[in-house]
Number of protein chains: 2
Amino acid sequence: MAQHTVVVSRSTLKRLPLYLHLLEKLQAEGVETISCTYIAKEFDFDPTQVRKDVEATGEVGTARIGFRVAGLTDKIKEFLGWNNAHDAFLIGAGNMGKALLGYKDFEKYGLNIVAAFDKDPKKVGAKIFGKEVMPLSKMPALVKRMHINIGIVTVPAEHAQAAVDALIDAGVKAIWNFAPAPLKIPEGVILENARLTQSLAVLTNNLTRVLKP
Amino acid sequence: MAQHTVVVSRSTLKRLPLYLHLLEKLQAEGVETISCTYIAKEFDFDPTQVRKDVEATGEVGTARIGFRVAGLTDKIKEFLGWNNAHDAFLIGAGNMGKALLGYKDFEKYGLNIVAAFDKDPKKVGAKIFGKEVMPLSKMPALVKRMHINIGIVTVPAEHAQAAVDALIDAGVKAIWNFAPAPLKIPEGVILENARLTQSLAVLTNNLTRVLKP
DNA sequence: GTTTTATCGAGAAAAAAGTATCGATATAAT
DNA sequence: ATTATATCGATACTTTTTTCTCGATAAAAC
């Protein structure tokens with residue numbers, strides 16, 4: 001099958017999961033086809049924008065009908081790499097780490113957190129939502145043996161760079177970072193920041209403006 | 001004092017917290033002035049972009065020197081509304097809810113989670129990180145009495161719209177949504193989605209492209 | 001069977017975001 | 001004192017992203 005190695009904008013990539021959620025809801029309701037116009041209305045986007053986003057996945061529609069819900073769902077999942085799970089290690093079994101370990105839906109999004117690591121001996125040995133917490137020293141060997149590609153970083157900001165360095169040294173190809181620290185990574189490694197503070201900044205700025213007399 | 005009611009792009013708003021983290025690190029190290037060139041290098045951004053972002057906060061620099069670290073810190077905080085705390089209620093005391101309740105740094109970011117609410121009677125009554133979990137039925141009256149402006153939604157997707165409706169009915173002005181559901185809100189209310197799946201989508205898409213032979 | 005309508009897909013236009021250029025200026029070096 | 005340099009701030013330019021327009025097409029309405 002022809003794979004779609006199209007490079008698209010971050011914005012498009014971030015809209016696709018939204019469409020996917022909607023499509024899965026519709027599929028559960030037995031809806032078979034869907035138009036970009038409909039999707040656009042649901043999110044208050046421009047229909048053309050939705051059409052272009054969908055185009056990136058390689059799915060083609062039919063005039064007057066739209067797209068098959070099942071077909072589009074598959075194409076989006078494939079495009080995002082969510083059709084088969086990537087194994088991941090998590091570093092830092094604090095609150096955020098625990099929350100992620102307990103997030104069952106990740107398997108739907110192509111992510112399988114295999115184990116957690118922490119440098120605090122008090123946290124080591126426990127099981128969090130069925131996943132073992134191991135000492136950080138064991139991480140490198142396990143990354144190599146299990147061919148882990150993704151490292152999730154949920155340590156405090158001051159330890160983030162060290163955690164990332166260790167993960168990359170061990171052979172991890174992508175970092176999902178939750179620490180509020182600017183990280184340096186070598187060429188070829190993927191860094192994605194999931195920083196709540198950025199989202200919060202947008203919220204509080206808007207709110208201050210709205211509340212201002 | 002002249003307030004800055006400048007409307008800036010989402011992108012700018014999301015970069016400002018990054019600068020702020022860096023500035024606070026520098027301030028702790030005793031650095032007094034900083035140039036946009038330096039900030040840009042740290043994040044691999046364009047210096048002009050940093051200068052424009054900074055301009056939005058209203059801080060002015062001096063040629064050849066740059067900006068005072070302390071002054072810029074204050075201006076960014078003020079611009080983001082992080083200089084005085086907004087009280088917030090959290091709905092949904094699941095894993096993500098707990099993680100947020102335990103996140104101490106929020107006070108630095110102008111957010112004070114006052115209490116949590118859950119419809120599950122088993123969760124009600126407990127204290128999570130010192131914050132009480134109350135029945136959802138008590139929420140509306142408390143929002144009004146305490147003049148709560150922000151509602152944080154960490155319920156499962158299928159209950160998200162109901163939670164949001166209840167919060168807005170009660171008088172909340174801004175919603176910080178963690179549920180993977182498309183939410184409808186009335187004019188004038190602020191909705192900010194903090195969806196991990198969007199960030200994950202960018203990561204897994206990039207990773208599949210990198211791993212592809 | 002013809003007309004109407006909703007939709008796609010492609011390309012053009014508009015808007016937004018990011019990048020480069022350049023004069024002005026404040027410090028440091030000579 | 002003069003020259004060199006780093007930086008700001010304003011403006012111009014470029015690129016990217018979003019939105020608009022329009023012909024083609026498939027179903028529905030008449």
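Chain identifiers are assigned alphabetically (A, B, ...) following the order of the sequence lines, protein sequences preceding nucleic acid strands; residue numbering begins at 1 within each chain.
A donor-acceptor contact shorter than 3.5 Å links the side chain of A:K173 to the backbone of A:G171. A donor-acceptor pair is defined here as one N or O able to donate and one able to accept, closer than 3.5 Å; no such pair exists between the side chain of B:S35 and the backbone of B:I65. Remark: side-chain polar atoms of B:N205 are paired, donor with acceptor, to backbone N or O of A:F79 under 3.5 angstrom. A donor-acceptor pair under 3.5 Å is formed between the side chain of B:R195 and the backbone N or O of B:A179.
The nearest pair of heavy atoms linking B:A170 to B:K144 is O-CG, 3.4 Å.
For B:R10, the salt bridge (charged side-chain N to carboxylate O under 4.0 Å, His left out) partners two or more places apart in sequence, or in a different chain, are B:E192. Residues forming a side chain to side chain donor-acceptor pair (under 3.5 Å) with B:D105 (at least two apart in sequence, or on another chain): none. Not counting sequence neighbours, A:E107 has no partner by the salt bridge (charged side-chain N to carboxylate O under 4.0 Å, His left out) test. By the salt bridge (charged side-chain N to carboxylate O under 4.0 Å, His left out) test, A:R15 is found to be paired with A:D53, residues two or more places apart in sequence or in another chain being considered.
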Hey, can you pull the donor-acceptor pairs under 3.5 Å for the side chains in residues 110-119 of chain B, sequence neighbours left out?
unit_1 : atom_1 : unit_2 : atom_2 : d
B:N112 : ND2    : B:D87  : OD1    : 2.9
B:D118 : OD1    : B:D120 : N      : 2.9
B:D118 : OD2    : B:A93  : N      : 2.7

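Near DNA chain D, defined here as any heavy-atom distance below 4.0 Å, the residues from residues 10-19 of chain A are A:S11, A:R15, listed numerically. Residues from residues 33-49 of chain A placing a heavy atom under 4.0 Å of any atom in DNA chain D, listed by number, are A:D46, A:T48, A:Q49.
Within the structure, salt bridge (Lys or Arg N to Asp or Glu O under 4.0 Å) pairs that include any residue of residues 19-29 of chain A comprise A:E24-A:K77 (at least two apart or interchain). Residues in residues 177-191 of chain A take part in these side-chain hydrogen bond (donor to acceptor under 3.5 Å, both in side chains) pairs, two or more places apart or across chains: A:N177-A:N193.
Note: A:F106 and A:H86 fail the aromatic proximity criterion, with ring centroids not under 6.0 Å apart.
Atom CD of B:E55 and atom C1' of D:dT11 are 11 Å apart (whole Å).
Over its length, the helix from C:dG1-D:dC30 to C:dT30-D:dA1 turns its helix axis by 10°, as judged from the five terminal pairs at each end, rounded to 10°.
Taking the six-membered ring for Trp and thresholds of 30 and 60 degrees, A:Y19 and A:F45 have ring planes more than 60 degrees apart, a perpendicular arrangement. The aromatic rings of B:Y103 and B:Y109 sit tilted, their planes meeting at an angle between 30° and 60°.
The outermost nucleotides of DNA chain C lying under 4.0 Å from heavy atoms of chain A, listed 5' to 3', are C:dT5 to C:dA12.
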If the sugar-phosphate is the primed atoms plus P, OP1 and OP2 and the base is the rest, what is the B/S/- string for nucleotides 24-30 of chain D, using protein heavy atoms under 4.0 Å? -BBB---

